Amino acid sequence: MFVGGLKHKEQKFSPNLAGLNSTMLLIAFMSIMIPSMFHFVPVEHRGNDEHTLSAVVSILLIGTYLLSMVFSLKTHQHLFKESEDEKKEKPHWSRNFSIAVLILSTIALALVSEVFVGQIETVAHQFGLTELFIGAVIVAVVGNAAEHIGAVFFALKNDIELSINVTAGSSLQIAMLDR
């Protein structure tokens, strides 16, 4: 929003989409906090209850995420569609060319990821970084760098709705599916 605001005086976005994203982020946050709080409650003979609770919450999160996709893409898509006069540009690439670029990008990403994972242990050892820091900060930032750059690019093109959707969607996928 900040970068888009530097270039454009006004930015518009869908309150429906913002509401859906903020609700889903709140659900994800609370679902992560419940098993965490359970861990600190002193209960004798807890056994595998903590792991069971975490597994159940994970399954519920995946289900909630899938239902939100059905909600926004099927049952209530009219709430999230742009009107015809709001559409800014037509696609420049054909569908087949886009699929080819996607496949090649996926292959390139797999190769780069392999090199990244191979080098991260050496760098971590040299700088004395913990596994928690590497996983929570380094991998998260590097892994989502393309999405962050894309969000800034869309904000510069005055498509703040897509920018918000990219960043919120990325956070939702991490919070709801990476458990």
Side-chain angles (χ1 to χ4, degrees), residues 1-33 58 60-117 120 133-179:
M1 288 181 176
F2 175 75
V3 172
L6 292 175
K7 186 173 180 185
H8 304 281
K9 185 175 180 176
E10 288 186 17
Q11 299 174 343
K12 296 179 183 178
F13 62 92
S14 166
N16 295 324
L17 186 60
L20 176 65
N21 284 332
S22 60
T23 301
M24 294 298 293
L25 286 169
L26 182 62
I27 290 170
F29 171 76
M30 293 305 294
S31 299
I32 291 169
M33 291 307 298
S58 296
L60 290 174
L61 281 174
I62 291 170
T64 303
Y65 182 77
L66 292 174
L67 288 173
S68 76
M69 292 291 102
V70 171
F71 177 81
S72 62
L73 298 175
K74 289 284 184 196
T75 62
H76 290 76
Q77 71 183 30
H78 63 280
L79 296 175
F80 305 103
K81 276 189 172 180
E82 289 181 308
S83 65
E84 291 300 319
D85 46 321
E86 288 180 355
K87 290 186 179 178
K88 295 174 180 68
E89 60 184 66
K90 300 287 182 197
H92 299 291
W93 293 354
S94 70
R95 180 174 51 113
N96 291 339
F97 183 73
S98 299
I99 291 171
V101 168
L102 182 61
I103 290 170
L104 291 173
S105 299
T106 303
I107 292 168
L109 178 64
L111 295 173
V112 169
S113 296
E114 192 65 33
V115 171
F116 176 72
V117 169
I120 196 75
F133 181 79
I134 292 168
V137 177
I138 304 291
V139 173
V141 170
V142 172
N144 292 328
E147 290 171 339
H148 299 309
I149 291 168
V152 170
F153 173 76
F154 295 130
L156 285 172
K157 292 183 81 171
N158 204 24
D159 196 347
I160 196 67
E161 187 169 315
L162 183 55
S163 180
I164 291 171
N165 202 24
V166 165
T167 54
S170 173
S171 299
L172 280 171
Q173 288 170 0
I174 291 168
M176 299 187 102
L177 303 177
D178 287 348
R179 290 191 39 100

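Note that the structure is predicted; figures quoted are calculated from it, not measured.
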Working to the nearest 0.5 Å, report the span between [atom1] of [X] and [atom2] of [Y].
X      : Y      : atom1 : atom2 : answer
Leu61  : Met24  : CG    : CE    : 8.0 Å
Leu109 : Leu104 : CG    : CG    : 12.5 Å
Ile120 : Ile134 : CD1   : CD1   : 5.0 Å
Leu102 : Arg95  : CG    : CZ    : 13.0 Å

According to ring pair (Phe, Tyr, Trp, His ring centres under 6.0 Å), who are the partners of Phe116, at least two apart in sequence or on a separate chain? none
Side chain to side chain contact (heavy atoms under 4.5 Å, CB included) with [X]: which residues, sequence neighbours excluded?
X      : value
Ile107 : Ile103, Leu111
Leu156 : Val3, Lys7, Val152
Ser94  : Asn96, Phe97

If you look at every heavy atom in Gly19 and Ser22, which pair is closest and at what distance? O-OG, 3.1 Å
Ser163 side chain to Asp159 backbone, donor-acceptor under 3.5 Å: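 Not a single qualifying donor-acceptor pair exists.
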